[in-house]
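As structure tokens, the structure follows; a few thoughts come after it.
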Amino acid sequence: MRVLKHLFDNNRAWAEGISRSDPEFFQKLARQQAPSYLWIGCSDSRVPANQIVGLLPGEMFVHRNIANVVESTDLNCLSVLQFAVDVLKVQHVIVCGHYGCAGIRAALRGEQFGLVDDWLRFVSRVRQKHAASLDVVSDEAARADRLCELNVIEQVMNVCQTNTCRAAWTRGQTLTTHGWIYGIQDGLLRDLSITVKEFGGVQDAYQRALSALVPGPTRMETL
Ligand code: CO
């Protein structure tokens, strides 16, 4: 008997469903991919990139890691970004975090889980950088959600600072970066207002996004 048979059964039903509505779907995709979006999100199983924005295979290039981190030393993430921008010519790079992120919470609390602690040091730096605005949020869950938001904003900044994005903007390529956050409690996305269309707009967008957050309750609390 095939191991994990139910997953193969699911797959067959899924592929047949798509082929029923578009018999040429997989043959067309096999020839080429031309996605308009690069999604950089968390690995969390509750945040499936294509599903939550209703996109089909072929429509979004995806990179996921714990706590949706974009780091200048991460060859994996930088390679995905470079290929997406330079070769696939995506028009939008979306960094999407989510409320209730265990990685963010671990970084906030300084919890120890093993090797992942080293990865989460990138988030700890965000926590330290924004200690003043985090400390005014008294409720711990709300503070974690605020760090989820701040982390998205900082990771969008990291995207904008990459050689890949700067070079694309310099040569006049159409490229917009976005920072979003997903509510696993309601399935909805929120825009954190850090939308950047040119390198010259990076700092303004950063300040605008931060001032939309600080001070006051997190967006979760205002829902
Ligand atoms: Co997460």
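Treat the numbers as computed from the prediction; the structure is a model and nothing was measured.
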Closest contact, heavy atoms only, Ala209 versus Ile194 | CB-CB, 3.8 Å

Got a sec: does the CD of Gln128 have more than 12 other heavy atoms crowding it under 6.0 Å?
-> yes

Arg208 with Asp204: basic N within carboxylate O range, under 4.0 Å = no

Does the side chain of Cys165 come within less than 4.5 Å of Leu175's, by heavy atoms?
-> yes

Minimum heavy-atom distance between Met60 and Asn50, given as atom pair plus value = CE-N, 3.8 Å

Check whether any side-chain heavy atom of Val95 sits under 4.5 Å from a side-chain heavy atom of Trp180, and report yes or no.
-> no

Kindly indicate whether the side chain of Tyr37, heavy atoms from C-beta on, has any atom under 4.5 Å from the side chain of Val53.
-> no

Taking atom CG of Leu75 as the centre, report whether more than 12 heavy atoms of other residues, nucleotides or ligands fall under 6.0 Å from it.
-> no

Are side-chain heavy atoms of Val126 and Gln155 found at a separation under 4.5 Å?
-> yes

Salt bridge (charged side-chain N to carboxylate O under 4.0 Å, His left out) partners of Glu71, counting only residues at least two apart | Arg125

Are more than 12 heavy atoms from other residues, nucleotides or ligands located less than 6.0 Å from atom CZ of Arg171?
-> yes

Around Glu16, counting heavy atoms of other residues, nucleotides and ligands shown, do more than 12 lie under 6.0 Å from its CD?
-> yes

Flag side-chain contact, heavy atom, 4.5 Å: Cys96 against Leu189 | yes

Step by step, would you call Thr176 with Gln91 a side-chain contact (heavy atoms from CB on, under 4.5 Å)?
-> CA-CA 6 Å; Thr176 306; Gln91 289 157 21; over 6 Å; no

Side chain to side chain donor-acceptor pair (under 3.5 Å): which pairs involve residues 74-83, sequence neighbours left out?
-> Gln82-Asp86

Considering only heavy atoms from C-beta outward, does the side chain of Val80 approach that of Leu38 to under 4.5 Å?
-> yes

Taking the side chain as every heavy atom from C-beta outward, state whether Cys160 and Tyr206 have any atom pair closer than 4.5 Å.
-> no

Cationic tip of Arg2 above Phe8 ring, under 6.0 Å, 45° of axis | yes

Taking the side chain as every heavy atom from C-beta outward, state whether Trp39 and His178 have any pair of such atoms under 4.5 Å apart.
-> no

